[in-house]
Amino acid sequence: FRNIIMSKLETNQVDPATGTTLTLGTSGDTISIPSGVTLANSGTATGFGISNLTPAFMMRRASDQTGLADDTATKLVFDTDYYDSNSATDTSTGRFTVPSGEGGNYYIFAAVGALAAGQIRGGSLQIYKNGSALWYPQWQFGSAQSQGVYPTYGIVTLSAADYVEIYAKINVDSGTSDAANSNGYNTYFGGFKIS
């Protein structure tokens, strides 16, 4: 039957003749699923799409980073790992570096838990790539406050050996501010490869 050419096969079930593996087509073939067809899976599907979004990482401050100068972009040092799938973070610098062979698009997120002895008037949390700011969404308050958690996030295209850091610029009416890990105000930095 190996050489019989058929344009259409109608059956309710196909099982392997021997063993437990059924192969459809050979290398280079295309299996076409027409529009409107539903693939219903009750078993285990492997090899489809991205099974894990890696590299992935999450860092935080173990204690307050104190003395952030007023209205000055200051690098935040995330000194503790929550998770690091590829050993790509450096807790001495607070930096994520893209591992070899892992260039692509990354979702990056961070937050600063800002505390100040005086009043916080506004500021920005900035994503840096290779030492340069990519973007820095800013916040400004109608009425100042002494504490708060301020986030940033975005999709960043990165190549192997590129590195990402987070800078905070906090405008206070006097003195300095802190990037906090206290009183429920957390400072963290994370990301993962999406494509």
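- Nearest heavy-atom pair across V172 and S177 is CG1-CB, 4.1 Å.
- Nearest heavy atom pair, residue D81 against residue M59, reads OD1-CG, 3.5 Å.
- In terms of heavy atoms, F78 sits closest to R61 at CD2-N, 4.3 Å.
- Listed here is the closest heavy atom pair of A88 and P99: CB-CG, 3.9 Å.
- Within the structure, every pair that satisfies the side chain to side chain donor-acceptor pair (under 3.5 Å) test and touches residues 16-28, not counting sequence neighbours, is listed here: T26-D29.
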Next on the checklist: side chain to side chain contact (heavy atoms under 4.5 Å, CB included) for I120 and I170? Distances and angles first, verdict last.
Outcome noted: CA-CA 7 Å; I120 300 171; I170 302 171; 3.9 Å; yes
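- Contacts of D84 classified as side chain to side chain donor-acceptor pair (under 3.5 Å), with partners at least two apart in sequence or in another chain: T89.
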Next on the checklist: Quick one, T152 with I127, criterion side chain to side chain contact (heavy atoms under 4.5 Å, CB included). Give me CA distance, side-chain angles, the key distance, then yes/no.
Outcome noted: CA-CA 8 Å; T152 189; I127 297 174; 3.9 Å; yes
Next on the checklist: Go through it in stages, so that I can follow the logic: the residues are T66 and T176, the test is side chain to side chain contact (heavy atoms under 4.5 Å, CB included), and I'd like the CA-CA distance, side-chain angles, deciding distance and then a yes or no.
Outcome noted: CA-CA 8 Å; T66 61; T176 62; over 6 Å; no
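- Residues passing the side chain to side chain donor-acceptor pair (under 3.5 Å) test with S124 are Q126, sequence neighbours excluded.
- Going from atom CD of Q119 over to atom CG of N171 covers 12.0 Å, rounded to the nearest 0.5 Å.
- Using a 4.5 Å heavy-atom cutoff, the side chains of I194 and I155 are in contact.
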Next on the checklist: Would K193 and L53 count as a side chain to side chain contact (heavy atoms under 4.5 Å, CB included) here? Give the steps.
Outcome noted: CA-CA 6 Å; K193 185 178 179 180; L53 297 173; over 6 Å; no
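- Cation-pi contact between R60 and F189: absent, since separation from the ring centre below 6.0 Å together with deviation from the ring axis within 45° is not met.
- Of the N and O atoms on the side chains of S92 and D90, at least one donor lies less than 3.5 Å from an acceptor on the other residue.
- Nearest heavy-atom pair across K129 and D162 is CE-OD2, 3.5 Å.
- At least one donor-acceptor pair under 3.5 Å links the side chain of T74 to the backbone N or O of T72.
- Q65 places a side-chain N or O within 3.5 Å of a backbone atom of V77 that can act as its donor or acceptor partner.
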List the atom pairs, with distances to 0.1 Å, where a side-chain N or O of residues 104-118 and a protein N or O form a donor-acceptor pair under 3.5 Å, not counting sequence neighbours.
{"from": "N105", "atom 1": "OD1", "to": "T157", "atom 2": "OG1", "distance (Å)": "2.7"}
{"from": "N105", "atom 1": "ND2", "to": "S195", "atom 2": "OG", "distance (Å)": "3.0"}
{"from": "Y106", "atom 1": "OH", "to": "E102", "atom 2": "O", "distance (Å)": "2.6"}

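- Within the 4.5 Å cutoff, the side chain of V164 has heavy atoms near those of the L158 side chain.
- Under the side chain to side chain donor-acceptor pair (under 3.5 Å) criterion, K75 pairs with E165, not counting sequence neighbours.
- Within the 4.5 Å cutoff, the side chain of Y83 has heavy atoms near those of the S85 side chain.
- Under the ring-ring contact (aromatic ring centres under 6.0 Å, His included) criterion, the residue pairs touching residues 159-181 are Y128-Y167, with sequence neighbours excluded.
- Shown are D64, L76, L125, V149; of these, the side chain to side chain contact (heavy atoms under 4.5 Å, CB included) with T187 is made only by L76.
- Across all their heavy atoms, D178 and G67 have their closest contact at OD1-N, 3.3 Å.
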